[in-house]
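Residue numbers count from 1 along this sequence.
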Amino acid sequence: MPVPVEAGDGVVYTPLLTQDEQVDVLNRLDFMLRNIAELRKEVEELRNSLQHLAGEIVGEVRCHLEETQRVTRRRRFPFHRERSDSTGSSSIYFTANSGAATTDDGESEGGYTTANAESDYDRESERESEEGEDEVSCETVRTVRRDSLDLVNEDETPLILDSLLEEGLGQLLQQADGLHNGHEQEKREGFQLLLNNKLAYADQRDFLWRLARAYSDMYEITEDTDEKKTYASDGKEELEIAFQKWDESAECHQWYAILCGQLAEHESIQKRIQTGYVFKEHIDKAIALKPEDPKSYYLLGRWCYQVSHLGWLEKKTASALFETPPTATVQDALQNFLRVEELSPGFSKAVRVYIAKCYKDLGNNSAALLWTNLASELPVNTKEDAESERELEEMRSIWEE
């Protein structure tokens with residue numbers, strides 16, 4: 001556009017740009033508009049690709065969860081299993097075992113049950129039929145998820161993903177509970193299963209405390225001392241992260257105490273005494289948050305019993321290191337063990353053996369004999385039950401004499 005410029009008595013209009021320069025500007029603008037249009041098209045294609053990829057991921061995750069669920073269902077046990085509990089500990093100071101008994105149906109902590117025994121023929125027939133179903137099911141899941149994600153608005157996709165992840169979490173926790181209650185190989189499988197899904201569910205409370213429990217399982221299974229310490233330490237770290245968000249979880253506090261006790265087995269006397277305070281603190285929190293959980297009272301009872309039987313050297317060391325060393329009596333331990341029986345009669349053979357030992361220490365031999373006989377009625381389901389069975393035989397021999 002020309003502009004007026006004073007020049008004597010008249011006005012002369014001089015253009016800002018020459019014609020060639022104007023053509024060049026127009027060409028540049030046209031080039032920019034074409035690039036913007038292409039960029040907008042690429043962004044749209046990228047959005048569609050991401051939406052499609054989300055559908056693929058959801059389908060694969062769902063397929064994987066269904067497959068692992070079927071593998072778990074196909075696993076059968078034609079005989080009664082003796083289960084090794086993962087919270088076992090041989091520390092004489094401040095650790096304890098869960099010692100919970102399980103039935104043949106294998107009810108898990110999450111409220112799920114594992115399958116009962118079947119014949120080899122039934123297992124083989126079921127396997128062939130389910131393998132065919134798996135292929136159809138997985139492909140159906142992929143197709144349905146892709147189709148559904150193509151039809152919904154992109155703003156709704158995260159809600160669908162959250163819903164599917166939540167559904168998958170329930171199946172995963174069911175599997176983890178079942179494997180936790182199995183033999184050593186199944187505990188290893190459960191640990192690996194949780195590790196494989198950590199990326200997807202690391203922000204879920206019920207997932208994290210089960211992962212910590214699996215670290216405790218691996219501690220019990222492993223023979224190498226360094227590996228044991230690593231598993232216990234890693235499990236503690238997982239829960240320390242969880243406490244930043246879920247300090248009100250009874251299970252988190254319970255398993256943190258157990259892992260602290262396991263790690264303390266390889267520490268000095270001073271460190272074990274320090275761990276005693278931590279163990280008691282977290283068990284108390286677990287009881288406050290979930291007062292009807294018998295396992296926490298059992299752990300506290302074990303702690304009280306062990307503290308009440310500390311030797312002279314341990315007591316002197318605690319007194320020298322701390323202003324208020326840990327204290328507990330056999331009566332304290334007995335009250336906690338009786339509380340376990342009140343909440344869950346027949347919780348474990350180990351509990352009843354401890355009750356008998358407490359009464360014996362208190363000089364009540366008739367009550368000790370009664371609980372010795374009651375303990376004999378329960379089966380051996382855990383590693384600690386097996387240890388208690390040996391103590392039970394020694395107590396029987398004393399009564400017979």
Side-chain angles (χ1 to χ4, degrees), residues 85-100 109 205-206 208-213 215-216 219-220 229 231-310 314-315 317-340 343 351 354 384:
D85 198 282
S86 66
T87 60
S89 171
S90 60
S91 170
I92 64 169
Y93 298 126
F94 311 113
T95 61
N97 302 39
S98 69
E109 294 180 39
R205 179 192 63 187
D206 290 338
L208 279 179
W209 74 254
R210 283 175 171 83
L211 178 59
R213 181 184 66 183
Y215 274 110
S216 178
Y219 173 94
E220 294 294 338
K229 293 169 66 176
Y231 282 127
S233 178
D234 289 349
K236 280 184 58 181
E237 289 179 3
E238 293 290 350
L239 289 176
E240 285 166 358
I241 295 173
F243 286 143
Q244 298 175 10
K245 189 174 182 181
W246 300 294
D247 189 53
E248 299 301 308
S249 167
E251 291 82 5
C252 287
H253 286 288
Q254 188 180 89
W255 285 100
Y256 188 80
I258 291 169
L259 287 162
C260 284
Q262 291 174 334
L263 190 60
E265 292 183 21
H266 309 281
E267 303 288 352
S268 64
I269 292 179
Q270 178 180 352
K271 192 68 175 178
R272 289 200 294 269
I273 293 174
Q274 289 176 331
T275 300
Y277 290 95
V278 177
F279 185 97
K280 177 70 160 49
E281 175 188 356
H282 285 275
I283 288 300
D284 286 343
K285 285 183 179 179
I287 291 175
L289 292 167
K290 198 173 182 181
E292 302 303 314
D293 186 353
K295 181 189 292 186
S296 293
Y297 291 99
Y298 172 72
L299 293 170
L300 182 56
R302 279 290 307 270
W303 184 89
C304 290
Y305 190 84
Q306 291 166 351
V307 170
S308 70
H309 285 75
L310 287 177
E314 289 79 15
K315 291 180 179 178
T317 302
S319 299
L321 293 173
F322 304 97
E323 293 183 2
T324 55
T327 58
T329 65
V330 174
Q331 187 65 41
D332 295 332
L334 177 61
Q335 293 305 313
N336 283 293
F337 291 132
L338 290 175
R339 178 63 172 157
V340 175
L343 292 171
V351 170
Y354 267 109
E384 191 182 16

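The OH atom of Tyr256 lies 3.5 Å from the CD atom of Glu240; values are rounded to the nearest 0.5 Å. In this structure, OH on Tyr231 lies 13.0 Å from CG on Leu259, to the nearest 0.5 angstrom. One finds the NZ atom of Lys315 at 10.5 Å from the OG1 atom of Thr327 (value rounded to the nearest 0.5 Å). To the nearest 0.5 Å, atom CD1 of residue Ile273 and atom CG of residue Leu310 are 7.5 Å apart. Put simply, NE2 on His282 and OG on Ser296 are 12.5 Å apart, with the number rounded to the nearest 0.5 Å. A distance of 7.5 Å separates CG in Leu239 from CG in Leu208, rounded to the nearest 0.5 Å.
Of all heavy-atom pairs between Ser216 and Ile258, the closest is OG-CG2, 3.9 Å. Nearest heavy atoms, Pro326 versus Trp303: CB-CZ2, 3.9 Å. Smallest separation of non-hydrogen atoms from Phe279 and Ala257: CD1-O, 3.1 Å. Residues Ala242 and Cys252 come closest through the heavy atom pair CB-SG, 4.4 Å.
For Tyr215, the ring pair (Phe, Tyr, Trp, His ring centres under 6.0 Å) partners two or more places apart in sequence, or in a different chain, are Phe191. For Gln335, the side chain to side chain donor-acceptor pair (under 3.5 Å) test picks out no residue, with sequence neighbours left out.
At distances below 3.5 Å, not a single donor-acceptor pair connects side-chain atoms of Arg213 with backbone N or O atoms of Trp209. Side-chain atoms of Tyr354 never come within 3.5 Å of backbone atoms of Phe337 as a donor-acceptor pair (strictly under, hydrogens ignored).
Inter-residue side-chain proximity for Leu343 and Asp293 is flagged as unmet; no heavy-atom pair is nearer than 4.5 Å. Within the 4.5 Å cutoff, the side chain of Thr275 has no heavy atoms near those of the Glu267 side chain.
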Can you list the steps and then say if Asn336 with Leu299 is a side-chain contact (heavy atoms from CB on, under 4.5 Å)? CA-CA 9 Å; Asn336 283 293; Leu299 293 170; over 6 Å; no

Margin query: Could you go through Lys290 and Glu251, starting from their C-alpha distance and side-chain angles, then the distance that decides it, and tell me whether this counts as salt bridge (Lys or Arg N to Asp or Glu O under 4.0 Å)?
Written below: CA-CA 9 Å; Lys290 198 173 182 181; Glu251 291 82 5; 2.8 Å; yes

Q) How far apart are the C-alpha atoms of Gln254 and Ile287, what are their side-chain angles, what is the distance that settles it, and do they pass the side-chain contact (heavy atoms from CB on, under 4.5 Å) test? A) CA-CA 9 Å; Gln254 188 180 89; Ile287 291 175; over 6 Å; no

Stepwise side-chain contact (heavy atoms from CB on, under 4.5 Å) check, Gln270 with Thr317: CA-CA 7 Å; Gln270 178 180 352; Thr317 302; 5.6 Å; no

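One finds no salt bridge joining Arg272 and Glu314 here, because no Lys/Arg side-chain nitrogen approaches an Asp/Glu carboxylate oxygen to under 4.0 Å. Contact check on Arg339 versus Glu292 returns a salt bridge, with a Lys/Arg side-chain nitrogen under 4.0 Å from an Asp/Glu carboxylate oxygen.
Ring-plane geometry between His253 and Phe243 is classed as parallel, the angle between the planes falling under 30 degrees on a 0 to 90 degree scale with a further cut at 60.
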